[in-house]
Number of protein chains: 2
Amino acid sequence: MPAGESGDDLIELLFFAYRDFVGDPDRILAQYGFGRAHHRVLHFVDRYPGLTIAELLDILRITKQSLNRVLKDLIGQDYITQKTGTSDRRQRLLFCTSAGTALAGDLIRVQSRRVARALANLEAGRAMPPSAESFLFGMIEPEERAAVRRLMARRVRSAA
Amino acid sequence: MPAGESGDDLIELLFFAYRDFVGDPDRILAQYGFGRAHHRVLHFVDRYPGLTIAELLDILRITKQSLNRVLKDLIGQDYITQKTGTSDRRQRLLFCTSAGTALAGDLIRVQSRRVARALANLEAGRAMPPSAESFLFGMIEPEERAAVRRLMARRVRSAA
DNA sequence: TGGAACATGTCAACAGCACTGACATAAATT
DNA sequence: AATTTATGTCAGTGCTGTTGACATGTTCCA
């Protein structure tokens, strides 16, 4: 819905979309004393049970020291458990406990809601053809959209 | 291009897309001793010259203390300058110097390339109809796409 | 069998970037 | 003249990333 259909606008929209996208779960996580790093680990272990440490490191692109810090929290508070690999006993296979699955579910729920809303905007025909721009704009917190639209309009007028 | 057309896949793709999206500029910024916070400030000041501190704080959603730390770097190294507001002399209007505009240009260039590539994928008809999913997938580093596809396929098989 | 390679865990130090709380100054507003 | 607003700054803290070094147990290969 913002004016210019340039790739540069997409860059900015991606920033705003991501800002609000991570804001939802952040509020829930804070109640548990967890952060985004915990969220990412919990999410991937929940969706891909049996993930190894090495696989998780490759997905998250962080060091094992960083991973271990948050993983220790999640294991210590019984959101995740480890099982020794069967074929390779060096590996630690990661699984969510029921508490872990429940929390992961709460987190994905608020994010799904936002994504669903963004997709609904597209399908309501408000954006024809459906564009990446409209999707990202729909990801922004509804009350904030006017402000983003105003900001971006300001640019279209001043620079080219 | 990944299999399931669910909103949950979009959540994951947004993670991967953003991960690679910020990876490009990070490499450039490291050469200047700057981080992501510097990037965000430089980007918005470049695109919206004359932005005030308060406006920038509202865009970035950080505290003035956080902003000030990186802004001091950018001003001290002559990438950004301040001008006292004309109508309200309390305000500091922010502008990029030529060095600032140049660096901002370099940064947006690498990100634009990635976005353009993602859009090109859509328009090449490889994704009909164009979807948010295809766009986000196209944002992922090409060499990494197979790995992401493999990971996500693994889920479609195991859980539902 | 013995040594190399591998998967993982851990300790310590450090950097970037957020936060809170408190306080200061100059300009605008009432 | 008093208050509010826009901004700057100091000090302390937390989360999450990094590097480098070292340890343990497992697997694999010569």
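Protein chains get the first letters and strands the later ones, always in sequence-line order, with residue 1 at the start of each. These values consider heavy atoms only, across backbone and side chains, with no hydrogens, waters or symmetry-generated copies.
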Find the distance [X]:[atom1] to [N]:[atom2] and express it as a whole number of Å.
{"X": "A:L67", "N": "C:dC11", "atom1": "CG", "atom2": "P", "answer": "15 Å"}
{"X": "A:H39", "N": "D:dT16", "atom1": "NE2", "atom2": "P", "answer": "12 Å"}
{"X": "A:L56", "N": "D:dG17", "atom1": "CG", "atom2": "C1'", "answer": "15 Å"}
{"X": "B:I62", "N": "C:dG16", "atom1": "CD1", "atom2": "C1'", "answer": "12 Å"}
{"X": "B:E55", "N": "D:dA6", "atom1": "CD", "atom2": "P", "answer": "11 Å"}
{"X": "B:L60", "N": "C:dA18", "atom1": "CG", "atom2": "P", "answer": "8 Å"}
{"X": "B:L42", "N": "C:dC17", "atom1": "CG", "atom2": "C1'", "answer": "17 Å"}
{"X": "A:R69", "N": "C:dA15", "atom1": "CZ", "atom2": "C1'", "answer": "12 Å"}

Exercise for the section: Could you tell me whether B:R47 and A:D9 have a side-chain N and a carboxylate O separated by less than 4.0 Å? Expected result: yes
Handout entry: Passing option when A:D24 is tested against A:R114, A:R36, A:R117 for salt bridge (Lys or Arg N to Asp or Glu O under 4.0 Å)
Key = A:R114
Exercise for the section: Determine, for nucleotides 19-29 of chain D in 5'-to-3' order, which nucleotides have protein heavy atoms under 4.0 Å from the base (write B), from only the sugar-phosphate (write S), or from neither (write -). Expected result: BBB---BBS--
Handout entry: Distance-only polar pair, side chains of A:S98 and A:T101, donor-acceptor under 3.5 Å
Key = no
Exercise for the section: Classify the side-chain pair B:S134/B:N121 by whether it contains a donor and acceptor separated by less than 3.5 Å. Expected result: no
Practice task
For the pair A:R61 (side chain) and A:D58 (backbone), establish whether a donor and an acceptor sit closer than 3.5 Å, ignoring hydrogens and angles.
Solution key: yes
Problem - Residue whose nearest DNA chain D nucleotide is more 5′ - A:R61 or B:L57 - result: B:L57
Practice task
Can you label the angle between the B:Y18 ring and the A:Y18 ring as parallel, tilted or perpendicular, going by 30° and 60°?
Solution key: parallel
Problem - Short side-chain N/O contact from B:R40 to OP1 or OP2 of C:dA18, under 4.0 Å - result: yes
Handout entry: Below 4.0 Å: OP1/OP2 of D:dT18 and any side-chain N or O of A:S66
Key = yes
Handout entry: Working for salt bridge (charged side-chain N to carboxylate O under 4.0 Å, His left out), residues A:R154 and B:E55
Key = CA-CA 13 Å; A:R154 186 161 144 184; B:E55 287 170 328; 3.1 Å; yes
Name the pairs: protein N/O against N/O of nucleotides 13-15 of chain D, kept only if under 3.5 Å.
none

Fill in the blank from the handout: Here the pair of heavy atoms bringing B:E12 nearest to A:H43 is OE2-NE2, 2.9 Å
Practice task
Could you pull out the closest heavy-atom pair between B:R155 and A:Y48, with the gap in Å?
Solution key: CB-CE2, 3.0 Å
Exercise for the section: Have a look at B:Q82 and say if it touches a base, only the backbone sugar-phosphate, or nothing, with a 4.0 Å heavy-atom cut-off. Expected result: sugar-phosphate
